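Working notes, structure below.
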There are 2 protein chains.
Amino acid sequence: MDIDAIIDNVYVLPEKSRERLKANISEITYPRGHLLFKVNKISSRIYFIKTGIVRAYAETPDNEITFWFGKEGDTVISMKSYVYDQKGYENIELLEPCELYQTDAEDLRKLFNEDIHIANWGRKFAEQELVKVEERLIFRQCRTAMERYKELISTDPALLQRVQLGHIASYLGMTQVSLSRIRSELK
Amino acid sequence: MDIDAIIDNVYVLPEKSRERLKANISEITYPRGHLLFKVNKISSRIYFIKTGIVRAYAETPDNEITFWFGKEGDTVISMKSYVYDQKGYENIELLEPCELYQTDAEDLRKLFNEDIHIANWGRKFAEQELVKVEERLIFRQCRTAMERYKELISTDPALLQRVQLGHIASYLGMTQVSLSRIRSELK
DNA sequence: CTTATTTTTTATCATTTGTAAAATTTTTAC
DNA sequence: GTAAAAATTTTACAAATGATAAAAAATAAG
């Protein structure tokens with residue numbers, strides 16, 4: 001997905017504003033396995049995914065919790081770094097080799113203060129992500145593990161092809177063994 | 001909490017912008033039990049809590065899931081109405097009689113397009129809420145029911161005094177019976 | 001103050017989910 | 001192509017949580 005489409009997907013910017021935003025964006029490629037963000041580090045990088053898929057995960061003493069997948073067109077940031085300039089709570093790992101557009105929160109903040117369209121673009125981005133996470137929090141609680149898996153199959157079957165089941169399991173809020181059990185029940 | 005403090009708590013606005021924002025805000029009082037928002041309705045209202053406490057909850061066939069509490073200084077909106085002008089997924093109910101400041105998303109959207117400071121204020125609001133929800137989603141998954149309850153006691157003991165345990169239980173992602181069991185184990 | 005209503009606790013049992021370990025399958029690297 | 005590593009499934013068992021019903025406690029209403 002090209003950068004114009006990614007930008008406009010959040011909020012359609014006037015030509016001039018989009019050009020200003022794009023002036024700060026460059027392209028970069030990383031291999032599978034690369035970590036874009038590391039837990040407990042501050043990073044003001046911002047990426048947009050041209051091709052590929054990534055996951056954000058938090059670490060626990062004996063586990064990893066994948067709480068977000070990013071695909072073509074998605075924006076990748078370390079949320080707490082981006083919002084508060086504080087240490088992030090997540091690692092973000094490439095699950096495939098990725099072509100990325102990149103920019104920096106520093107530059108973006110400057111644009112937020114100079115260009116009202118870009119400020120509203122940033123607002124819309126956060127608002128849309130907010131609705132998604134809130135819906136997931138609610139959904140997680142009112143559905144059984146089986147229902148959550150079925151829902152994923154029907155809304156995003158392609159994800160199962162691209163991402164290993166261990167990551168899917170924690171994304172759905174269950175263990176890999178539980179997910180495997182559920183899958184065998186459905187056969 | 002007065003309206004200036006509430007506004008500045010999100011993002012400190014220049015005097016002029018704050019006055020523009022305030023020009024659209026009025027005060028209103030509702031009794032305990034009043035519903036500010038109803039599930040499956042579009043409402044462009046926006047409230048700020050001067051005094052009192054509210055809860056947002058989703059309905060399931062045989063249950064209610066409280067996923068947010070709002071207190072003095074918090075902003076109360078129906079997220080999907082606010083962001084997409086679509087039917088909301090939540091009810092929001094006053095748990096105490098509340099003094100509220102109110103305005104309308106229509107007015108606010110106009111200000112977002114006219115005043116860059118207010119646009120950035122709206123951006124900051126969404127970003128901060130986003131970090132909170134994302135942290136809750138992760139926390140929910142990496143802690144046991146007992147740990148989640150202990151955490152609440154230590155971070156917000158006052159909440160237990162103001163809100164009935166049934167609501168706390170679903171906020172923590174467990175049944176009321178589970179919460180009661182956990183509480184008795186701690187005695 | 002007394003009664004009615006709501007909330008919370010307690011108890012029992014069923015179910016779901018997790019843990020651990022082994023077996024199997026798939027993927028990766030040489 | 002083969003060996004090694006990683007991922008997934010399977011099994012058995014344990015632990016946590018949920019469902020239901022009833023008792024107790026707290027709150028609200030008259």
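The chains referred to below are lettered A, B, ... by the order of the sequence lines, with proteins before strands, and numbering in each begins at 1. Quick caveat, the model's predicted, so the values are computed rather than measured.
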Ion pair A/K50/A/E27, N-O distance below 4.0 Å: yes
A/F69 and A/Y171 aromatic ring geometry - parallel, tilted or perpendicular at 30°/60° bounds: tilted
Touch class at under 4.0 angstrom, heavy-atom based, for B/R183 against every strand present: sugar-phosphate
Ring center gap for B/Y47 and B/F37 short of 6.0 angstrom: yes
Contact boundaries on DNA chain D for chain B, cut-off under 4.0 Å to non-hydrogen atoms: D/dT17 to D/dT20
Check: B/C142 main-chain N/O paired with A/N63 side-chain donor or acceptor under 3.5 Å: no
Backbone N/O of B/F112 and side chain of A/N120: donor-acceptor pair under 3.5 Å: yes
Aromatic A/F67 / basic B/R140 pairing, under 6.0 angstrom, 45° off normal: no
A/Y57 six-ring centre to A/R55 NZ/CZ under 6.0 Å and within 45° of normal: yes
Within residues 151-180 of chain A: residues closer than 4.0 Å to DNA chain D (heavy atoms): A/Q164, A/L165, A/G166, A/Q176, A/V177, A/S180
For nucleotides 25-30 of chain C, print each protein N/O atom paired with a nucleotide N/O atom at under 3.5 Å, atom names and distance only.
none

Residue A/R162 excluded, over 12 heavy atoms near CZ under 6.0 Å: yes
